A.B. asks: 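A single structure is presented below for examination.
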Protein chains: 2
Amino acid sequence: MYNLDEIGKRAVEAKYALQTFTSVKKNEALKAVAKAFLAREQEMLEANRKDLEIGKKNGIPEGLLDRLELNYERIAAMAEGLEQVAELTDPLGEVLESFSRPNGLQITKLRVPFGVVGIIYESRPNVTADAFGLCFKTGNAVILKGGKDAINSNIAITNIIRDALAKEGIAEDAIQLITDTDRSVTNEFMKMNKYVDVLIPRGGAGLIRTVVENSTIPVIETGTGNCHIYIDEDADIMKVVPIVMNAKTQRIGVCNACESLVVHEKIINLVLPAIGKALAEKNVEIRGDESVKNILSDCVEATEEDYGMEYLDYIISIKTVASIDEAIEHINRYTTRHSDAIITENDEHARMFLDKIDSACVYVNASTRFTDGFEFGFGAEIGISTQKLHARGPMGLKELTTYKYNIVGNGQIRP
Amino acid sequence: MYNLDEIGKRAVEAKYALQTFTSVKKNEALKAVAKAFLAREQEMLEANRKDLEIGKKNGIPEGLLDRLELNYERIAAMAEGLEQVAELTDPLGEVLESFSRPNGLQITKLRVPFGVVGIIYESRPNVTADAFGLCFKTGNAVILKGGKDAINSNIAITNIIRDALAKEGIAEDAIQLITDTDRSVTNEFMKMNKYVDVLIPRGGAGLIRTVVENSTIPVIETGTGNCHIYIDEDADIMKVVPIVMNAKTQRIGVCNACESLVVHEKIINLVLPAIGKALAEKNVEIRGDESVKNILSDCVEATEEDYGMEYLDYIISIKTVASIDEAIEHINRYTTRHSDAIITENDEHARMFLDKIDSACVYVNASTRFTDGFEFGFGAEIGISTQKLHARGPMGLKELTTYKYNIVGNGQIRP
């Protein structure tokens, strides 16, 4: 049997060991790992070649093979990523609040690491380096469980990181990889509450659902985005096509891409022909209601299911509404609470939309594609939270920390 | 079949309706509910009498019957509790951060309600009023699932609250009670991610474990406290007995009570006789290791299991250590990460303890009994979180909220 318990214990030991290092020391280690990536890239590429060969033999789809592939450029990007994380401000030790009570107790609320973070992801080997960098910077030991298809690449990357840490005199168990990719091991991992403080799934909707349904460890749900753009009756029509096209087609397979348009019936004749033409040029299939079909002859009838879909593809749904209230109601029903936008020049409508849409990021006159840790200026991103517990929207370094209370007295007892 | 789906939908409607009320209006409603409690106390007492009769017939233990019982005093306390919550500052709408990006996007991070909070609790009917007050104040609709033994009391309390809300012109579905206490209904409730944003279990370790293991909704784990006091070699012996006795015996059945002492071997002869005598006077059973048994003849041999126990009873475990490092290691192994304390006059030891103990509240020279929302000055408490996600330690009003990002642009698209 695979010894997950041993992995858990080691991670806990590493979490305590990590407390003893200064920011400077941790940043040096991150840079040393980046150097090691470049120095040992052949090893990584060789391991990756094995994964690619097996993948091809098993007939995994082209897109997946692309995500799985490492090359000089991608390895350089991984190294560069760690260098950048090293440059960011260390969020640890920040005093969030400090106050004294009438009885003289001095209470300090301060930012500390979670401790042990678990990450379950699919077959992008760069996530291995990326997740390590963010967790390490924030003082967390990390246990990684990557996709089966990337196992050789992940082992190579993890070994390089562990060797570099050891050379720097840092507990190499700051990163551990679960190398048994059997589903039963993953299931057991998701119940390691004794050792793991937080579990973060990174990947598609299926992976996230599995983790949410099976984990007993607190989970941060990330990533599913059925993002809407509502074109209000008072929209500036010059803004409509650029925002819609950017949000829908700039990158198709990402969670902050737009999947659904909601259009006010008063403006539909004005804006839809131009939107339809621009979408057609990019070969985006349109699924809409009767009013949309009347204007765009190629439009397919949208089903109830369409409005709830995160296509991640060249497809978009369009819904006509008679009022902003109807738009808000529709969006709140179908959104995955990731990012939704309104295009309007009407301040009151903008205010209503901002107040009433129950999503992590609500936009006025901008593309939903900005929901991103880097675009928000966080300098890093571990994912986009679509739940309300702990963190919402883009998660940077701070979101990988928690807090504790230190209370200093001189003999106080409770009356 | 019990229609949980309908309850979920109504809660979501109520959550949007609650957004439309000002703080003043919500506070008036809280006061109106408090008045209604006093005006309709006979109705509550009658319902409670039914619960008590059934409870006695079913032979539920004395302690549980006590917790189940309502009387004039307890109803007055429930009303008073709501009045107090009405007086607290409304945490909603607080701007947590506001910044603009180089591209001109204006990003505002602001405090908002969770939306729909689920609370699963045992047989203390006052939790019904209490949980409603805190959730309502923070703009959350609440779905309650109380213990079977208190069902008649809970129905009465909920009806009184709903009537008072309706009279105030506020969506009465701001509070809903699940009246089918069948386990299968509870199980279904714990999987209502579609409607419920956060689930908070309030009760004993068994209830909390059940919720953590079965819920797919994000859970805030509360309450289990295996709290330690470490008596350092440099402790001021005048502080030892008062702190230990306060933490262990001031209230036995609470999560912030001390369950285990850790004593440095150099000071054990000095402090243990006095501790033993004081504990014996309160009939506290001592379970300790060899060194403890050598000093206290009544001491029972402590097992491995003892060190991990939350007794909630007149029992305490005592462990001898040879160093502060050993003390920290022992506590970090057995603590439930609720509250742990050191008694010492040595600043370096105090610092080490504060830094290294991985618990929500870490004390120097004070009783663990202070881990409490009121003692921290929060003015309210929904529970003590022992997990690291979202909130740690005492949870007040702020901890019943989340945040969202509002982003205002003028046509920005992502390059």
Side-chain angles (χ1 to χ4, degrees), chain A residues 15-16 19 99 101 105 107 114-115 193 197-198 212-213 216 218-221 236 238-239 242-243 245-247 250 332 350 354-356 358-367 369-372 375-377 387-390 392-394 402-414, chain B residues 15-16 19 99 101 105 107 114-115 193 197-198 212-213 216 218-221 236 238-239 242-243 245-247 250 332 350 354-356 358-367 369-372 375-377 387-390 392-394 402-414:
Chain A
K15 120 185 155 179
Y16 291 118
Q19 290 183 346
F99 52 98
R101 297 292 302 148
L105 282 182
I107 302 182
F114 278 130
N193 298 52
D197 296 294
V198 181
V212 166
E213 284 174 4
T216 52
V219 169
I220 302 184
E221 198 173 333
D236 171 359
M238 297 303 288
K239 290 175 183 149
I243 290 178
M245 293 311 291
N246 183 259
Q250 195 228 9
N332 273 335
L354 289 172
D355 286 348
K356 294 192 172 177
D358 186 21
S359 298
C361 298
V362 188
Y363 290 85
V364 176
N365 294 329
S367 168
R369 289 277 294 117
F370 287 107
T371 301
D372 176 290
E375 294 295 332
F376 271 48
Q387 71 180 37
K388 294 181 179 175
L389 209 60
H390 186 72
R392 264 186 119 175
T402 181
Y403 59 81
K404 73 191 281 191
Y405 289 102
N406 283 346
I407 304 109
V408 177
N410 54 14
Q412 281 84 349
I413 59 170
R414 188 159 165 187
Chain B
K15 119 185 155 179
Y16 291 119
Q19 290 183 348
F99 53 98
R101 299 290 303 148
L105 281 183
I107 303 183
F114 278 129
N193 298 52
D197 296 295
V198 180
V212 165
E213 284 174 4
T216 53
V219 169
I220 302 183
E221 197 174 332
D236 171 358
M238 297 303 289
K239 290 176 182 148
I243 290 177
M245 293 309 292
N246 183 260
Q250 196 229 8
N332 273 336
L354 289 172
D355 286 350
K356 295 192 170 176
D358 186 21
S359 298
C361 298
V362 188
Y363 289 85
V364 176
N365 294 330
S367 168
R369 289 277 294 117
F370 287 107
T371 300
D372 175 291
E375 294 295 330
F376 271 47
Q387 71 180 39
K388 293 179 179 175
L389 209 60
H390 188 72
R392 263 187 119 176
T402 181
Y403 59 82
K404 74 191 280 191
Y405 290 103
N406 283 345
I407 304 110
V408 177
N410 52 13
Q412 281 85 346
I413 60 170
R414 189 159 165 186

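In what follows, every chain begins at residue 1, and chains take the letters A, B, ... in the order their sequences are listed. Everything numeric here is computed off the predicted structure, so don't read it as measured data.
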A.B. asks: Checking B:N246 side chain against A:R414 main chain: does a donor-acceptor pair fall under 3.5 Å?
C.D. replies: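 The answer is yes, because a donor-acceptor pair under 3.5 Å joins these two groups.
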A.B. asks: What part of B:R101 gets within 4.5 angstrom of chain A, counting heavy atoms only: side chain, backbone, both, or neither?
C.D. replies: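 B:R101 touches chain A through side-chain heavy atoms alone.
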A.B. asks: ring-ring contact (aromatic ring centres under 6.0 Å, His included) with B:F370: which residues, sequence neighbours excluded?
C.D. replies: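 By the ring-ring contact (aromatic ring centres under 6.0 Å, His included) rule, B:F370 matches no residue at all.
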A.B. asks: Could you walk me through whether B:L389 and A:I220 pass side chain to side chain contact (heavy atoms under 4.5 Å, CB included), step by step?
C.D. replies: CA-CA 8 Å; B:L389 209 60; A:I220 302 184; 3.7 Å; yes
A.B. asks: Side chain, backbone, both or neither: which part of B:Y363 has a heavy atom under 4.5 Å from chain A?
C.D. replies: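 For B:Y363, backbone and side chain are both near chain A.
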A.B. asks: Side chain, backbone, both or neither: which part of B:D236 has a non-hydrogen atom closer than 4.5 Å to chain A?
C.D. replies: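 Answer is neither: B:D236 stays 4.5 Å or more from chain A.
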A.B. asks: Checking B:Q387 against chain A: side chain, backbone, both or neither under 4.5 Å from a heavy atom?
C.D. replies: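 When you check distances to chain A, only side chain atoms of B:Q387 fall under 4.5 Å.
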A.B. asks: Flag the pair A:K404 and B:D358 as a salt bridge only when some basic side-chain nitrogen lies within less than 4.0 angstrom of an acidic carboxylate oxygen.
C.D. replies: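 So A:K404 does not pair with B:D358 through a salt bridge.
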A.B. asks: Name the member of A:T216, A:V364, A:I407 that forms the most heavy-atom pairs with chain B at distances under 4.5 Å.
C.D. replies: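 Maximum pair count with chain B is reached by A:I407.
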A.B. asks: Quick check for you: to the nearest 0.5 Å, what is the distance between B:I413 atom CD1 and A:K239 atom NZ?
C.D. replies: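 Going from CD1 on B:I413 over to NZ on A:K239, the span is 13.0 Å.
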A.B. asks: Find the one option among B:N410, B:N406, B:T402 whose heavy-atom pairs under 4.5 Å with chain A are most numerous.
C.D. replies: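 It is B:N406.
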A.B. asks: What closest approach, in Å, do B:Y403 and A:R392 show between heavy atoms, and which atom pair accounts for it?
C.D. replies: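 For B:Y403 versus A:R392, the nearest heavy atoms are O-CD, 2.6 Å.
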A.B. asks: Pick whichever of B:E221, B:Q19, B:Q412, B:K356 has the most heavy-atom pairs under 4.5 Å with chain A.
C.D. replies: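 When all of B:E221, B:Q19, B:Q412, B:K356 are compared, B:Q412 has the most.
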A.B. asks: With a 4.5 angstrom heavy-atom cut-off, which part of B:S359 approaches chain A: side chain, backbone, both or neither?
C.D. replies: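 Only the backbone of B:S359 comes within 4.5 Å of chain A.
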A.B. asks: Could you tell me whether the side chain of B:K388 and the main chain of A:F114 form a donor-acceptor pair under 3.5 Å?
C.D. replies: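 Confirmed, B:K388 side chain pairs with A:F114 backbone.
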A.B. asks: What are the two closest non-hydrogen atoms of A:A366 and B:L105, and how far apart are they?
C.D. replies: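 Heavy atoms of A:A366 and B:L105 come nearest at CB-CD2, 3.7 Å.
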A.B. asks: Please identify each residue that fulfils ring-ring contact (aromatic ring centres under 6.0 Å, His included) with A:F376, with sequence neighbours left out.
C.D. replies: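 Scan of A:F376 (ring-ring contact (aromatic ring centres under 6.0 Å, His included), adjacent residues dropped) gives A:F378, B:Y405.
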A.B. asks: Is it the backbone or the side chain of B:L354 that comes under 4.5 Å from a heavy atom of chain A, or both, or neither?
C.D. replies: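 Both parts, heavy atoms under 4.5 Å.
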A.B. asks: By a 4.5 Å heavy-atom criterion (distance strictly below it), what part of A:E213 contacts chain B: side chain, backbone, both, or neither?
C.D. replies: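 Both the backbone and the side chain of A:E213 come within 4.5 Å of chain B.
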A.B. asks: Of the listed residues (B:V362, B:I107, B:V212), which shares the most heavy-atom pairs with chain A below a 4.5 Å separation?
C.D. replies: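 Top count of heavy-atom pairs under 4.5 Å with chain A: B:V362.
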